[in-house]
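If you read the sequence from its start, that first residue is 1, and numbering goes on from there.
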Amino acid sequence: MVVRRVRPGDEDYDKVVALRYRGFVESGFVDPERTGPEVMRLPRDRESIILGLFRRRRLQATVTLNTISPRFPGMAMELDKRVRLDHAHFRDPAVLEITKLVVDRRARGRRAALALLYVCSLIARTLGKVHLWQVSRDVPSDVSWRVGLGFDYSVAGPFIDPDLNDMPSRVGYLYLPAVDENPRVPGFIKEIYRDALNAPLQDISA
């Protein structure tokens, strides 16, 4: 497996759009009776870092990383989902938002998700974006899995996501340098973060 960046206009971008749509329909975030795959072609994608996990030419998983920019002066959860939080790092310049995480049902398992976790952490470190945010379904299994990755869900209560089929959702926050001291994160997950935080810095411009 290999993780590489995908940009709008690349031949693999259509695969990202299709996988996003399948995953969000499966999770209930998108109603296929009301919305087609084109909803997953996002204007913000041109400024985001879209990652694809590939086995040969087959896309097995994807995730998108956003940050605040002049064109998008807030995270997607703020601009699209109307989330407002009284948190010291909600609009911090060192914010990185993790969104549109989908793993193909035929590739489900720990390996794909952990490969993306490592690359996302490495990119966050390279860019100096130590405050990570993401939105999860308000489902105990989903929240529990992300708590095990180090995300804190005590920062806000549940909200109804108007951007995605009015799905009950929750906001998670992670301060990257503190993950190693988090007792709720298993040792093998901490090791992934340690590897990313100690790896030689990479040029991610490609």
Side-chain angles (χ1 to χ4, degrees), residues 27 29 42-51 63-101 113-114 116-164 166-199 201-202 204-205:
S27 67
F29 273 121
L42 308 176
R44 193 167 188 152
D45 279 347
R46 295 196 174 276
E47 292 193 11
S48 301
I49 297 176
I50 304 169
L51 300 176
V63 67
T64 298
L65 306 177
N66 298 326
T67 192
I68 295 171
S69 71
R71 185 181 176 197
F72 297 98
M75 291 183 284
M77 69 175 68
E78 178 183 4
L79 301 180
D80 301 336
K81 306 176 187 302
R82 305 171 197 167
V83 171
R84 300 287 187 273
L85 292 184
D86 182 17
H87 187 284
H89 301 295
F90 185 64
R91 305 196 81 252
D92 194 297
V95 153
L96 193 68
E97 182 181 27
I98 301 173
T99 184
K100 298 295 181 287
L101 170 63
L114 297 187
L116 289 177
L117 175 66
Y118 172 78
V119 177
C120 288
S121 302
L122 184 61
I123 290 172
R125 177 204 171 198
T126 302
L127 297 178
K129 306 292 187 180
V130 295
H131 303 289
L132 308 185
W133 292 87
Q134 56 85 51
V135 170
S136 168
R137 295 186 303 170
D138 187 23
V139 174
S141 59
D142 286 18
V143 172
S144 175
W145 179 66
R146 288 167 172 80
V147 166
L149 297 179
F151 284 90
D152 176 11
Y153 284 86
S154 68
V155 295
F159 72 99
I160 299 299
D161 189 342
D163 183 50
L164 290 173
D166 291 333
M167 176 68 70
S169 302
R170 297 189 70 94
V171 175
Y173 167 71
L174 184 152
Y175 179 53
L176 194 57
V179 174
D180 207 36
E181 287 106 39
N182 188 333
R184 306 182 76 175
V185 179
F188 73 96
I189 299 289
K190 289 181 179 179
E191 191 63 34
I192 291 171
Y193 285 115
R194 286 191 208 108
D195 287 348
L197 293 175
N198 292 308
L201 291 177
Q202 304 292 314
I204 63 169
S205 60

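- Taking the six-membered ring for Trp and thresholds of 30 and 60 degrees, Trp133 and Phe90 have ring planes more than 60 degrees apart, a perpendicular arrangement.
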Test log, rule side chain to side chain contact (heavy atoms under 4.5 Å, CB included), inputs Val171 and Leu85: CA-CA 10 Å; Val171 175; Leu85 292 184; 3.9 Å; yes

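- Residue Arg84 places its CZ atom among more than 12 non-hydrogen atoms of other residues, nucleotides or ligands, all under 6.0 Å distant.
- In this structure, Lys81 and Pro162 approach most closely via the heavy-atom pair O-CD, 3.7 Å.
- The two residues Glu78 and Pro73 come nearest to each other via the heavy atoms OE1-O, 4.4 Å.
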Ile50 vs Leu65, side chain to side chain contact (heavy atoms under 4.5 Å, CB included): CA-CA, chis, key distance, verdict: CA-CA 6 Å; Ile50 304 169; Leu65 306 177; over 6 Å; no

Verdict with supporting geometry, Ser169 and Asp138, side chain to side chain donor-acceptor pair (under 3.5 Å): CA-CA 4 Å; Ser169 302; Asp138 187 23; over 6 Å; no

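- Residues Tyr173 and His131 bring a donor and an acceptor atom of their side chains to less than 3.5 Å of each other.
- When all heavy atoms of Ser48 and Thr64 are compared, the closest pair comes out as CB-CG2, 3.6 Å.
- Contact between Leu42 and Lys100 at its shortest, heavy atoms only, is CD1-CE, 3.7 Å.
- Here the CG atom belonging to Asp195 is positioned 10.0 Å from the OG atom belonging to Ser121, to the nearest 0.5 angstrom.
- Taking both residues in full, the closest heavy atoms of Val63 and Cys120 are given as CG1-SG, 3.7 Å, listed atom of the first, atom of the second, then distance.
- Remark: Phe29 engages Phe24 in a ring pair (Phe, Tyr, Trp, His ring centres under 6.0 Å) (not counting sequence neighbours).
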Pair up each side-chain donor or acceptor in residues 174-181 with any protein partner under 3.5 Å, not counting sequence neighbours, and list the distances.
unit_1	atom_1	unit_2	atom_2	d
Asp180	OD1	Arg194	NE	2.9
Asp180	OD1	Arg194	NH2	2.9
Asp180	OD2	Arg194	NE	3.4

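- In terms of heavy atoms, Arg44 sits closest to Thr67 at NH2-O, 2.7 Å.
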